[in-house]
There are 4 protein chains.
Amino acid sequence: MTPTPVRIAATDAPGQPERTPELDALYCDFESELLVPLWTEIGDLMPTQPHSKALPHTWRWRNLLPLAQRAGDLVPVGRGGERRAIALANPGLGGQPYVTPTLWAAIQYLGPREDAPVHRHTQHAFRFVVEGEGVWTVVDGDPVAMRRGDFLLTPGWHFHGHHNQSDAPMAWLDGLDIPFAHYTESTFFEFGPDEVEDRGTPHLSRSERLWAHPGLSPVSATGTPTPSSPIAAYRWEHTDRALNDQLALEEEGHPGVLEPGHAAVRFTNPTTGGDVMPTIRAEFHRMRRGVTTAARREVGSSVYQVFEGSGTVRVGESEWMVTHGDLFVVPSWQPFTLATDDGVDLFRFSDTPLFDRLHQSRIHVEGIRK
Amino acid sequence: MTPTPVRIAATDAPGQPERTPELDALYCDFESELLVPLWTEIGDLMPTQPHSKALPHTWRWRNLLPLAQRAGDLVPVGRGGERRAIALANPGLGGQPYVTPTLWAAIQYLGPREDAPVHRHTQHAFRFVVEGEGVWTVVDGDPVAMRRGDFLLTPGWHFHGHHNQSDAPMAWLDGLDIPFAHYTESTFFEFGPDEVEDRGTPHLSRSERLWAHPGLSPVSATGTPTPSSPIAAYRWEHTDRALNDQLALEEEGHPGVLEPGHAAVRFTNPTTGGDVMPTIRAEFHRMRRGVTTAARREVGSSVYQVFEGSGTVRVGESEWMVTHGDLFVVPSWQPFTLATDDGVDLFRFSDTPLFDRLHQSRIHVEGIRK
Amino acid sequence: MTPTPVRIAATDAPGQPERTPELDALYCDFESELLVPLWTEIGDLMPTQPHSKALPHTWRWRNLLPLAQRAGDLVPVGRGGERRAIALANPGLGGQPYVTPTLWAAIQYLGPREDAPVHRHTQHAFRFVVEGEGVWTVVDGDPVAMRRGDFLLTPGWHFHGHHNQSDAPMAWLDGLDIPFAHYTESTFFEFGPDEVEDRGTPHLSRSERLWAHPGLSPVSATGTPTPSSPIAAYRWEHTDRALNDQLALEEEGHPGVLEPGHAAVRFTNPTTGGDVMPTIRAEFHRMRRGVTTAARREVGSSVYQVFEGSGTVRVGESEWMVTHGDLFVVPSWQPFTLATDDGVDLFRFSDTPLFDRLHQSRIHVEGIRK
Amino acid sequence: MTPTPVRIAATDAPGQPERTPELDALYCDFESELLVPLWTEIGDLMPTQPHSKALPHTWRWRNLLPLAQRAGDLVPVGRGGERRAIALANPGLGGQPYVTPTLWAAIQYLGPREDAPVHRHTQHAFRFVVEGEGVWTVVDGDPVAMRRGDFLLTPGWHFHGHHNQSDAPMAWLDGLDIPFAHYTESTFFEFGPDEVEDRGTPHLSRSERLWAHPGLSPVSATGTPTPSSPIAAYRWEHTDRALNDQLALEEEGHPGVLEPGHAAVRFTNPTTGGDVMPTIRAEFHRMRRGVTTAARREVGSSVYQVFEGSGTVRVGESEWMVTHGDLFVVPSWQPFTLATDDGVDLFRFSDTPLFDRLHQSRIHVEGIRK
């Protein structure tokens with residue numbers, strides 16, 4: 001007979017049955033039969049509102065980057081290790097490489113002229129470039145330049161590798177749904193060739209030339225919505241212009257901003273109008289000088305990276321000043337506010353599509369529940 | 001007793017019942033009871049494949065424009081008449097102002113400094129500008145500049161008026177689903193104020209500043225797909241670039257074009273990835289020098305306008321040379337081919353969304369039925 | 001040069017341009033160029049609300065049935081004529097065999113031991129049995145018994161034939177989207193074998209044994225929604241019970257009825273929860289003794305057949321007493337009311353799915369627009 | 001400074017960087033900065049195919065029921081504990097009350113004349129009754145009788161309580177998405193009144209009288225699909241008949257069964273045709289005498305309960321005889337086979353809707369991957 005991992009302890013807490021020898025015997029039999037009563041667990045399992053295990057936390061770019069550089073000196077990139085990626089480990093999650101219960105965030109580092117080998121996996125991935133350039137990520141044979149401010153996609157099960165074509169190293173943010181995929185036990189992985197197929201260095205990827213025209217789709221490929229966006233790169237120039245336009249519209253007295261002084265765009269899949277990938281939402285936010293956002297709670301967890309400017313972030317009881325490159329976490333249902341004196345640009349990603357697709361989304365903005 | 005419009009004649013055609021006095025008496029009673037037997041009608045009503053009443057036909061821009069100018073001299077624009085629009089009447093449709101059974105196409109003409117009054121209707125409308133500029137169409141208060149090559153939307157039930165801000169007249173193509181809406185008896189119409197609300201002349205409409213960024217949606221407005229596109233203007237510069245990109249990809253050996261030498265983009269609704277309006281599909285096609293397209297049949301009817309270049313069009317048994325501004329009709333299930341020596345740019349609109357939404361689409365391309 | 005069907009007459013009506021020799025010359029040139037101005041047509045083409053060409057009308061079962069019997073004596077059923085179906089011709093539609101602009105309704109009659117040959121067409125069809133039994137319709141090889149009160153489906157492009165296994169004739173209501181399919185020029189038709197494949201006479205069809213269990217789907221066939229319902233027969237016993245249950249719930253003080261004393265069920269596609277076929281909605285209504293329904297207008301047209309009981313129907317300005325088997329038409333946007341002393345059961349079908357799918361539905365119930 | 005939970009150990013495994021003092025120092029700094037490298041974790045995090053933590057296991061009804069009865073004697077049901085439910089704890093999941101990583105399965109027990117208080121929660125719940133009767137579950141005020149073979153729904157955020165109206169105790173299976181909701185931190189909970197609102201004991205619930213008619217929907221409630229099924233109870237008589245019909249169709253040579261000798265129905269939401277609830281799929285399977293099913297692997301985890309009959313189950317390397325009431329687990333991507341001599345009826349539930357909605361479903365049946 002296998003040893004049981006179940007441990008049930010009778011307590012005198014209110015609502016618990018009276019502790020008697022019979023109860024102890026019952027609990028003992030529960031343990032050996034691999035059973036756990038609801039009545040000892042309900043408080044933790046079924047709280048009145050979400051209590052995230054994840055903690056609010058911030059990681060400083062000024063600390064991350066030198067550590068990545070040291071890894072660049074000590075850790076080769078190649079078959080087996082696959083990537084020189086260093087994950088943010090939320091302090092509430094027991095040392096696992098998870099920035100939130102569902103999301104992975106890592107700094108990835110590629111030295112001058114270095115390659116990362118080709119593989120594919122069912123996990124969905126993106127890159128966001130807070131600074132630098134010179135690397136091309138090759139997605140299903142299509143070379144995609146990575147430049148400052150760009151948001152780049154590698155949806156699940158597409159082969160991809162990277163190659164640095166410059167004499168400078170480059171570091172960027174990787175976001176994936178690794179924790180969710182691991183938890184749901186739905187992960188497949190496959191090695192590709194050791195080298196990328198196409199070492200070209202075009203300014204724009206083929207995916208962009210087909211798909212990144214506003215409101216235009218290639219007739220050859222329309223009709224079948226794809227689960228993830230076919231656009232491999234969302235360029236900074238477009239994001240920047242869209243945000244400026246929203247703020248200008250606000251100045252002219254027209255709608256568009258999310259709240260006063262706060263412009264926001266969502267990266268979307270042009271074949272559906274929905275999120276770029278089934279499990280990850282990505283957005284870019286810009287707050288004007290002097291803005292303080294309304295406190296907002298949402299079911300699901302978010303990660304932000306400051307792109308430009310600075311501000312004071314408040315998440316639950318925590319508060320930090322954040323500046324260029326800093327990353328921070330907003331756990332599920334924790335109230336979040338940002339105040340900025342000089343204006344701030346923020347990249348955000350979250351697991352919201354899960355809740356939208358499963359009809360479990362809730363948002364509460366300063367007294368207004370949606 | 002009301003007179004009956006029913007007339008049934010017994011015939012000796014194969015498959016018809018023998019003509020007897022009893023049969024004549026029965027048919028007479030059918031007439032007075034407002035009844036019609038299937039067996040006398042089935043050949044026309046239920047053919048083995050679509051036989052369009054519409055005929056292939058072409059209208060010449062060099063003829064249309066002077067007629068519109070003469071109308072400009074003689075016909076005021078104002079409350080009641082509402083628009084100086086002159087509709088193409090398919091020769092197969094009995095003189096009705098219908099370019100195909102479901103679609104309306106008209107040349108609209110606005111003189112220097114002239115206004116067209118504000119109204120709204122449930123019919124969906126677009127404009128395509130084959131030449132000229134200087135007019136703004138104001139859609140729900142948002143002024144939208146009209147320039148050469150632009151495709152502009154006025155989805156159903158949005159207020160809209162036009163004003164010409166220049167000292168030159170302007171003429172353009174109007175496309176609507178008037179015949180379909182009239183047939184289905186689903187039309188509502190409402191007058192607005194006599195003058196447009198906003199006489200501003202911005203380079204870009206507010207709708208574009210919010211929505212015409214590739215793969216980016218305003219967070220303030222996302223989450224609820226809209227039946228029609230929120231983009232009021234699809235600008236020529238984007239269309240032109242998308243078509244060039246497809247042809248360049250083809251030269252480099254990559255997919256993208258619809259067939260060899262034939263690039264095509266569809267105008268889409270960024271909130272769904274689908275057609276711009278529920279009843280109308282709109283596309284732009286570019287064929288290289290020397291291309292002849294494969295013969296294609298589709299359920300549903302299309303109208304093309306030549307934007308640049310020229311070619312020889314074959315629709316069923318008809319064939320014409322077409323050049324700048326010329327419009328032509330491809331009726332349902334008629335085979336269509338275009339051959340061009342010097343290359344050609346074509347705007348196309350069609351009623352295909354009806355068939356997609358009702359699961360009745362069929363396409364047949366040179367022996368391959370899809 | 002072909003003669004033009006266009007005729008434009010200048011008038012002195014308000015809003016029309018002043019009649020001058022130049023205007024007459026322009027209109028003459030419009031005619032020869034196949035052009036029609038909007039300003040002479042707008043009143044009819046774009047009314048402020050739908051004005052249906054169809055007229056309210058009622059057909060009496062006591063008149064229809066003898067005519068169908070006489071046709072049974074005189075008109076054979078066979079290859080070519082295909083069906084002994086006699087269509088209701090709306091008096092407003094110029095003698096065409098159309099009960100409304102989009103819908104076909106016919107009485108079909110099959111003599112004792114008679115067969116109707118196998119064919120298929122893209123038009124969607126149903127049968128409703130107001131009385132009688134003994135015929136099986138064989139849909140893609142599956143024999144489907146037709147009995148009093150049953151609603152039976154033959155979605156587009158399924159082969160089907162009928163055979164009467166009894167010594168009595170049988171007549172029933174056929175409903176199709178023939179007018180809509182004809183108008184949109186999207187019709188395909190194919191002959192099948194002269195005789196039905198399976199002359200079996202099972203009580204239930206195979207389609208019902210797979211699909212007609214409440215809330216249960218066969219795992220072997222789930223996952224891909226089908227455009228039309230896979231249930232070939234909706235049996236009267238289920239319809240009757242569902243209507244009784246609604247009225248019983250109302251008596252017990254619970255929601256369920258459409259309005260006081262008025263129960264209504266919609267026949268639905270179990271793979272989507274939506275309408276049974278893409279172009280046709282079908283419902284069954286039961287009003288208690290003494291009920292008068294609220295006046296209701298809807299975009300789109302409906303046909304009703306009285307199954308049991310009687311009532312006074314008011315459609316627009318028309319009013320009739322209707323009883324067992326009588327059919328009547330409610331044209332688009334005409335107000336409709338029914339009053340019954342002794343209670344009434346009504347089968348209804350309509351073209352509403354067109355408007356739902358194209359976002360053009362409107363309903364107005366006594367001052368409340370939805 | 002907070003203590004870090006991160007622990008990283010350099011190893012000599014293949015693909016790992018050479019262990020040096022610099023590497024140890026880097027790992028130490030990773031720990032203090034809350035960082036974890038991918039290259040030490042990738043094997044576990046991103047395996048080539050799912051390796052479930054959950055173990056195949058079976059729980060015996062003959063053991064569960066007496067333990068539930070003992071709990072009935074010792075543990076009151078009331079505010080705070082809420083339910084006398086005893087959860088199956090998968091031996092691979094560390095003693096948590098989770099039958100699989102995403103699913104909860106418990107035996108719930110209610111003594112004679114006993115009540116369980118009213119509450120609601122965002123977790124989705126169902127009941128399956130392997131034996132017994134006499135309890136009504138009251139869902140949003142609608143009393144729902146629980147009888148042998150019935151499948152009963154309590155979708156998220158509906159108030160519900162139970163009351164036993166008989167002099168016998170009753171035990172049944174509860175299934176919920178508690179582990180998934182807990183993991184995703186999306187749970188809300190609210191107490192209701194201490195007693196159920198309606199102590200009526202109707203044979204059928206109001207929800208069934210409105211919705212449990214095959215292919216029929218109440219017109220008063222149609223048009224807006226609901227995330228979960230409005231049917232509160234799927235009765236055994238319907239399930240049994242649907243399964244028998246599939247097997248009879250097979251005998252007659254027609255399609256319907258899932259594989260030879262194996263009938264299966266899915267419980268569905270009549271407003272969408274999809275799964276009954278967003279996170280849980282439920283099915284009933286019946287295998288004939290002498291059947292052995294093909295080995296099947298699926299992404300996602302399943303739980304089965306034997307309703308009648310017996311068989312030999314093989315999951316991965318485990319094999320058991322199972323009989324009436326026994327429950328067993330099939331973890332993600334483990335091959336599953338069942339062989340039965342005398343025939344067997346099985347209830348099944350799984351987390352498959354997660355993967356369908358997120359485009360991560362995979363099924364592999366004996367060499368055929370779908």
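Numbered from 1 within each chain, the chains take letters A, B, ... in sequence-line order. Treat the numbers as computed from the prediction; the structure is a model and nothing was measured.
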At a heavy-atom separation under 4.5 Å, does D/Leu358 approach chain A through its side chain, its backbone, both, or neither?
both
Check each atom of D/Asp73 against the heavy atoms of chain A and say whether the ones under 4.5 Å are side chain, backbone, both or neither.
neither
Does A/Leu64 offer a backbone N or O that forms a donor-acceptor pair with the side chain of D/Glu33 under 3.5 Å?
no
A/Leu34 side chain reached by D/Asn90 side chain, heavy atoms, under 4.5 Å
no
Under 3.5 Å: donor-acceptor pair, side chain of D/Trp333, backbone of A/Glu185
no
In terms of heavy-atom contacts, D/Phe188 and A/Pro50 come closest through CZ-CD, 3.4 Å
What part of D/Ala106 lies closer than 4.5 angstrom to a heavy atom of chain A: side chain, backbone, both or neither?
neither
Check: A/Leu35 main-chain N/O paired with D/Trp59 side-chain donor or acceptor under 3.5 Å:
no
Working for side-chain contact (heavy atoms from CB on, under 4.5 Å), residues D/Leu45 and A/Tyr98:
CA-CA 11 Å; D/Leu45 275 184; A/Tyr98 296 172; 3.6 Å; yes
CZ-OG1 distance between A/Phe191 and D/Thr48, expressed to the nearest 0.5 angstrom
8.5 Å
To check you understand the geometry: which heavy-atom pair defines the closest contact between A/Pro5 and D/Gly94, and what is its length?
CB-C, 3.7 Å
Between atom CE of A/Met46 and atom CG of D/Leu176, what is the distance when rounded to the nearest 0.5 Å?
6.0 Å
When you compare the side chain of D/Leu38 with that of A/Pro97, does any pair of heavy atoms fall below 4.5 Å?
no
Please report the closest heavy-atom contact between A/Gly80 and D/Ile42, naming both atoms and the distance.
O-CG2, 3.5 Å
Output for pair (D/His182 NE2, A/Lys53 NZ), nearest 0.5 Å, gives 5.5 Å
Measuring only between side-chain heavy atoms, which start at C-beta, is D/Leu74 closer than 4.5 Å to A/Pro17?
no
Contact part of D/His124 toward chain A, heavy-atom cut-off under 4.5 Å: side chain, backbone, both or neither?
side chain
Taking every non-hydrogen atom, the tightest pair across A/Trp39 and D/Ala71
CH2-CB, 4.0 Å
Check: A/Ser186 side chain, D/Gln360 main-chain N or O, donor-acceptor pair, under 3.5 Å
no
